[in-house]
Amino acid sequence: MNGVTGRMGQNQHLLRSVVAMARQGGVACGQELVVPEPILVGRDLDKLRRLARRAAEEGLAREPDCTTDLEAAIRDPAADIVFDASTTSLRARAVELAAAAGKPVYCEKPTAGTLAGALGLATTCERAGIKNGVVQDKLFLPGVRKLRTLLDQGFFGRVLSARAEFGYWVFTGEHSDQPAQRPSWNYRKEDGGGIVVDMFCHWRYVIDHLFGGVAKVFAVARTELSERRDENGDAYPCTADDAAYAVFTTSAGLALQFNSSWTTRVRRDDLLTLQVDGTHGSAVAGLRDCWVQPLGATPKPVWNPDLPQSIDFLAGWQRVPDTTAYDNAFKVQWEMFLRHVVADAPWSFTLRQGALGVQLAELGLRSSREGRMLEVPPLA
């Protein structure tokens with residue numbers, strides 16, 4: 001596991017996925033029960049060792065080995081799978097080393113900073129004949145899963161449109177009692193940062209999964225805050241976009257609006273809300289919950305700005321109940337990948353699929369530069 005001292009690698013992948021799988025006694029993969037035993041790789045050995053101790057305390061049978069030598073770790077006969085959660089600019093080396101060693105590779109997104117790079121990594125893995133995958137965690141969020149069920153059941157009638165609001169205020173680090181919640185590289189283009197590169201990779205697979213393939217994109221990317229403070233408290237210029245406003249159309253003709261911002265304050269149900277409107281009803285999904293309003297329960301507002309609003313619009317929505325147990329979204333996909341590697345279970349979240357997200361991000365940035373809507377061509 002490379003790059004696990006970062007926020008996502010540590011919390012979602014190591015502790016809440018790999019350690020959680022070990023703590024539950026393993027994962028059933030065909031006729032086998034697989035218990036993951038991580039090897040932690042990174043640049044700071046002291047951080048790795050502290051994390052290894054914590055992982056053992058939280059459920060691993062033994063404290064993981066730690067190393068700063070990525071190549072040696074991948075060559076180690078004890079390493080069956082290579083996972084990478086390092087920064088985007090460093091991803092290629094881990095994937096290429098895994099392919100050269102003939103070992104399955106699973107990695108965070110975006111898989112590369114450019115479409116050419118992402119397709120190159122996919123091709124490298126395909127030629128090496130190794131199983132490969134990319135994290136697409138939003139598909140396994142309880143709210144999105146409930147939304148998928150509503151679509152499958154025909155709740156909406158004819159789907160008319162959808163819109164998503166994502167984001168929150170990320171502190172600049174200027175004040176000591178308000179440290180930044182995200183790493184500084186996120187705001188430096190030269191280090192692979194930017195909200196378009198980060199979030200459009202998510203929006204691609206969410207849209208493809210829920211509404212059909214993306215056909216066109218129009219985006220406006222902005223760098224709203226020009227300066228932030230890094231992990232040492234030093235000021236640095238922000239060279240990457242921290243807000244993006246996009247309109248996507250699908251091959252079926254749906255119009256989708258997706259706003260993404262690290263410079264907004266939240267006044268909605270969750271950090272991500274996705275509303276779908278249809279002829280028979282509407283739904284709003286957050287990370288865990290989903291709310292619906294069918295046609296028969298839709299209020300009839302009348303425009304009159306001279307009088308106080310008499311309708312409590314929020315009261316007219318019904319929460320979709322939990323009808324099954326919802327596990328951590330990252331852990332769900334981790335278990336699927338282990339079953340794919342060990343028992344050859346079906347798997348569609350390959351690095352080639354991950355390249356679709358990089359493509360959309362690349363087109364989104366180009367659309368912003370050129371000020372026009374662009375077609376999204378099929379991958380070669």
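Values reported hereafter were calculated over all heavy atoms of this structure, with side chains retained and with hydrogens, waters and symmetry mates removed. Small disclaimer: the values here were computed from a predicted structure and weren't measured.
Partners of Tyr187 under the side chain to side chain donor-acceptor pair (under 3.5 Å) rule, at least two apart in sequence or in another chain, do not exist in this structure. Under the salt bridge (charged side-chain N to carboxylate O under 4.0 Å, His left out) criterion, Asp76 pairs with no residue at all, not counting sequence neighbours. In terms of the ring-ring contact (aromatic ring centres under 6.0 Å, His included) criterion, residue partners of Phe248 (sequence neighbours excluded) are, by chain and number, Phe200, Phe258. Residues passing the salt bridge (charged side-chain N to carboxylate O under 4.0 Å, His left out) test with Glu231, sequence neighbours excluded: none. A search for side chain to side chain donor-acceptor pair (under 3.5 Å) contacts involving Asp269 returns nothing, not counting sequence neighbours. The ring-ring contact (aromatic ring centres under 6.0 Å, His included) test applied to Trp347 returns Phe337, His340, Phe349, not counting sequence neighbours. Qualifying side chain to side chain donor-acceptor pair (under 3.5 Å) partners for Asp270, counting only residues two or more places apart in sequence or in other chains: none. For the salt bridge (charged side-chain N to carboxylate O under 4.0 Å, His left out) test, residues two or more places apart in sequence or in another chain that qualify with Glu370 are Arg366, Arg372. With sequence neighbours excluded, the residues that form a side chain to side chain donor-acceptor pair (under 3.5 Å) with Arg75 are Glu71. Applying the salt bridge (charged side-chain N to carboxylate O under 4.0 Å, His left out) test to Lys103 and every residue at least two apart in sequence or in another chain returns nothing.
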Show the atom names and distances, to 0.1 Å, of all donor-acceptor pairs under 3.5 Å that link a side chain in residues 355-364 to residues at least two apart or in another chain.
from, atom 1, to, atom 2, distance (Å)
Gln359, OE1, Arg204, NH1, 2.9
Gln359, NE2, Pro377, O, 2.8
Glu362, OE2, Leu115, N, 3.0

Please tabulate, for the side chains in residues 139-152, all donor-acceptor contacts under 3.5 angstrom to protein atoms that are two or more places apart in sequence or on a different chain.
from, atom 1, to, atom 2, distance (Å)
Lys146, NZ, Arg288, O, 3.1
Lys146, NZ, Asp322, OD1, 2.5
Arg148, NE, Asp152, OD1, 3.1
Arg148, NH1, His209, O, 2.5
Arg148, NH2, Asp152, OD1, 2.8
Thr149, OG1, Arg145, O, 3.1

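Using a cutoff of 4.0 Å between basic side-chain nitrogens and carboxylate oxygens, Asp344 and Lys131 are scored as salt-bridged.
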